[in-house]
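Here the structure comes first, spelled out in structure tokens, and everything after it is commentary.
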Amino acid sequence: MSLREALAGEALVFTGEVGPPKGIDCDEVWEEAEDFRDKVAAVNVTDNQSSVMRISGLAACIKLKQMGIEPVLQLVCRDRNRLALQSELLGAAIWGIENVLALTGDHIALGDHPQGRPVHDLDSVTLLQAVTALMNGRDLAGNRLDGAWKRVRLPKPKDGSKQKRKFKYEGPIPEKCPTYLPGAVVTPCAEPVEPQILKLEKKVAAGAKFIQTQAVYEPAALERFMKAAEHVGVPILAGIVMLKSAGMARFMNGNVAGVSVPDHLIQRLADASKEDLQKVSIDITAELMRDMAGMCKGFHLMPLGWSKPAVEAIEAAGLS
Amino acid sequence: MIIQKQKAYENIEEMLAPYQKVFVAGCTECATACKTGGEDEVAEMKERLEAAGKTVTGTAIFDSACLRGEVREVSREHQEQIEAADAILTLFCGAGVQTVGNYHEDTPVVPGVDALFVGETIRAGKYTEQCQACGDCLLDVTGGICPLTRCAKALLNGPCGGYTEDGKCEVDPDTDCAWLLIFERLKTRGQLDKIRETQAAKDHSDHHPPQTYKWARPKKKKVKPTA
């Protein structure tokens with residue numbers, strides 16, 4: 001079942017995530033993707049995540065597709081201008097990769113090439129506009145995609161007057177246009193949240209058909225956000241980054257804007273013995289999903305390598 | 001103003017190493033305000049170079065080092081000193097360096113200053129970037145705060161998720177999130193609708209460097225002499 005079909009269905013939807021490596025040794029990524037097979041509707045493939053240079057996300061998505069696993073191609077606006085982003089999108093389409101997630105991207109200064117020049121030619125909203133334009137047989141500049149339009153000769157005027165236009169274009173021809181399921185992200189626990197909602201509205205207007213959120217660990221916060229975002233009318237998958245340790249949770253609180261792990265969760269991780277840590281992490285993830293299941297369309301799990309525990313959490317939650 | 005800072009003296013010394021006789025030039029505009037190439041800095045540089053064994057053939061402060069006519073005029077006044085020099089050390093922004101260099105094609109021009117940005121002076125010695133000279137000002141929409149300049153990601157349609165609870169940018173905890181500033185200002189004014197409309201991807205087509213600009217002068221109307 002595709003992500004599109006899953007989102008249209010009644011059941012809760014789960015998505016996973018893998019991060020391509022810096023280098024060509026991708027075995028771990030394929031293994032992690034394999035863990036998610038049949039357990040999630042789709043697996044996100046990150047795009048130079050954390051502004052760290054890695055192997056192309058599109059290349060990894062193609063591989064996943066060949067493995068029979070549904071990928072979500074993440075595209076950030078940091079590394080490519082509007083030409084490169086659109087050409088990447090067209091490339092995805094010929095490999096049957098439909099799901100694309102438009103993101104701003106972390107700032108280049110936070111990654112491993114801070115010397116580089118960030119692009120940000122488009123932002124997540126205008127990238128979504130580009131996706132929508134391509135689906136309608138045109139690029140962002142309004143040019144027609146090759147083959148997507150039929151050129152038809154106009155009849156000569158019978159009165160012999162000068163013909164202004166000799167041709168017209170009919171189309172777009174749907175089967176010659178790429179199809180995408182555009183997605184976007186939002187940070188539900190950002191404070192204040194109104195600017196997030198305002199941008200979310202723009203993303204949906206630009207064509208976003210699903211939303212995956214930044215990590216949420218407080219059901220009450222998600223509930224507040226969902227109430228404020230009720231009117232946008234697209235399915236929202238709440239994000240959860242698997243908490244691997246108390247230290248990691250504290251690090252996220254101190255360093256990742258818009259993410260807040262409550263103290264009681266940190267305490268549980270801190271109290272766990274080394275052997276139990278993964279079990280506690282799975283329990284926390286499963287509990288969060290159970291608590292938030294009534295609020296959203298599903299969950300986007302960001303396991304940071306912990307694909308097996310993520311799948312265990314989905315099973316432990318007993319929601320699917 | 002073009003905010004600028006003087007290069008490290010060691011760096012200047014290195015660039016001047018091949019030249020014994022140097023003419024030092026400053027500018028009364030931004031370079032004076034930023035204390036990179038005003039009268040004081042030019043005098044100080046002269047002293048320093050002489051102490052290091054260089055011969056300073058003369059000094060001049062242009063009214064505007066980026067004004068071709070001014071550079072020509074002042075250069076004529078100092079013609080002998082400049083001709084005697086092996087190089088001209090300039091203590092102003094790159095626009096001035098090139099204006100001077102274009103006039104004195106045979107004399108190497110050594111830049112003693114790094115131009116940083118177009119900005120506001122908060123107080124002497126403290127500056128903040130405000131304008132990209134993008135050629136298509138949208139400050140009317142964004143409440144007088146430029147997201148192209150002041151948002152680290154130059155976002156035109158609202159903030160990313162990277163602002164902290166105290167309203168700072170994740171890239172730099174000392175920098176305000178431009179979009180929160182915009183949001184709060186427009187909210188106070190009751191003008192949030194201005195940013196609800198999506199800003200299309202910016203059209204750079206008329207603004208690719210190197211740019212030139214020329215006044216479009218209206219044709220003079222012929223006035224019939226009145227009888």
Side-chain angles (χ1 to χ4, degrees), chain A residues 51 76-78 81-82 85-86 103-111 114 118-130 133 140-142 185-207 213-215 239 253-260, chain B residues 132 134 136 138 141-143 145-188 190-205 207-209:
Chain A
S51 308
V76 303
C77 298
R78 176 194 59 238
N81 70 2
R82 61 191 83 182
L85 285 166
Q86 291 180 95
L103 305 103
T104 305
D106 292 321
H107 195 271
I108 198 165
L110 306 176
V119 180
H120 300 294
D121 182 28
L122 301 185
D123 60 20
S124 48
V125 177
T126 45
L127 174 56
L128 285 163
Q129 287 181 333
L140 190 61
V185 300
V186 70
T187 305
C189 300
E191 190 58 51
V193 78
E194 295 102 305
Q196 291 290 317
I197 304 282
L198 188 141
K199 193 162 186 185
L200 181 62
E201 288 166 358
K202 289 184 178 183
K203 288 175 177 180
V204 173
T213 79
Q214 175 62 289
N253 279 350
N255 296 282
V256 184
V259 175
S260 148
Chain B
Q132 298 285 301
C134 75
D136 183 17
L138 51 83
V141 177
T142 57
I145 295 163
C146 177
L148 194 70
T149 309
R150 296 175 62 185
C151 165
K153 298 172 184 172
L155 301 178
L156 299 185
N157 277 302
C160 66
Y163 51 87
T164 60
E165 267 177 40
D166 52 351
K168 301 295 180 187
C169 172
E170 65 174 346
V171 179
D172 174 11
D174 294 329
T175 303
D176 292 322
C177 167
W179 270 104
L180 287 195
L181 296 179
I182 293 167
F183 188 84
E184 293 304 331
R185 189 178 279 185
L186 291 178
K187 195 175 174 185
T188 311
Q191 291 184 327
L192 275 181
D193 281 349
K194 281 187 179 261
I195 50 170
R196 283 191 204 285
E197 201 172 311
T198 296
Q199 284 288 327
K202 208 163 174 58
D203 180 356
H204 298 280
S205 55
H207 308 291
H208 296 301

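Chain letters run A, B, ... following the sequence lines, proteins first, then strands; residues in each count from 1.
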Portion of A:P195 that has a non-hydrogen atom of chain B nearer than 4.5 angstrom:
both
What residue in A:Q214, A:E191, A:K203 has the most heavy-atom pairs under 4.5 Å with chain B?
A:E191
Measuring only between side-chain heavy atoms, which start at C-beta, is A:E194 closer than 4.5 Å to B:L192?
no
Identified side chain to side chain contact (heavy atoms under 4.5 Å, CB included) partner of B:T198 from the options A:L128, A:V125, A:D123
A:V125
Taking all non-hydrogen atoms of both residues into account, name the closest pair between A:A190 and B:Y163 and its distance.
CB-OH, 3.5 Å
As an exercise, state the distance from CG of A:N81 to NE2 of B:H204, rounded to the nearest 0.5 Å.
9.5 Å
What's the shortest heavy-atom distance between A:Q129 and B:A200, and which atoms?
OE1-CA, 4.5 Å
Structural part of B:I195 lying under 4.5 Å from a heavy atom of chain A:
both
Qualifying residue for side chain to side chain contact (heavy atoms under 4.5 Å, CB included) with B:C160, from A:L103, A:T104, A:T187
A:T104
For B:P159, is there any backbone N or O sitting under 3.5 Å from a side-chain donor or acceptor partner on A:K199?
yes
For A:T126 and B:A201, which heavy atoms make the closest approach, and how far apart are they?
CG2-N, 3.3 Å
Measuring heavy-atom distances to chain B, does A:L127 have an atom under 4.5 Å in its side chain, in its backbone, in both, or in neither?
neither
At a 4.5 Å cut-off on heavy atoms, which part of A:Q196 comes close to chain B: side chain, backbone, both, or neither?
both
Which atoms of B:K168 approach chain A - backbone, side chain, both or neither, heavy atom under 4.5 Å
neither
d(B:R196 CZ, A:E201 CD) to nearest 0.5 Å is 6.0 Å
Please round to the nearest 0.5 Å and tell me the distance separating atom OG1 of B:T164 and atom CG of A:N255.
11.5 Å
Does the side chain of B:K153 come within less than 4.5 Å of A:R78's, by heavy atoms?
no
Rounded distance (nearest 0.5 Å) linking atom NZ of A:K202 with atom CG of B:L156:
8.5 Å
Hey, what do you get for CG (A:D121) to NZ (B:K202), rounding to the nearest 0.5 Å?
11.0 Å
For A:R82, which atoms come within 4.5 Å of any heavy atom of chain B: side chain, backbone, both, or neither?
side chain
Tell me whether the count of non-hydrogen atoms from other residues, nucleotides or ligands lying under 6.0 Å of CD in B:E165 goes above 12.
no
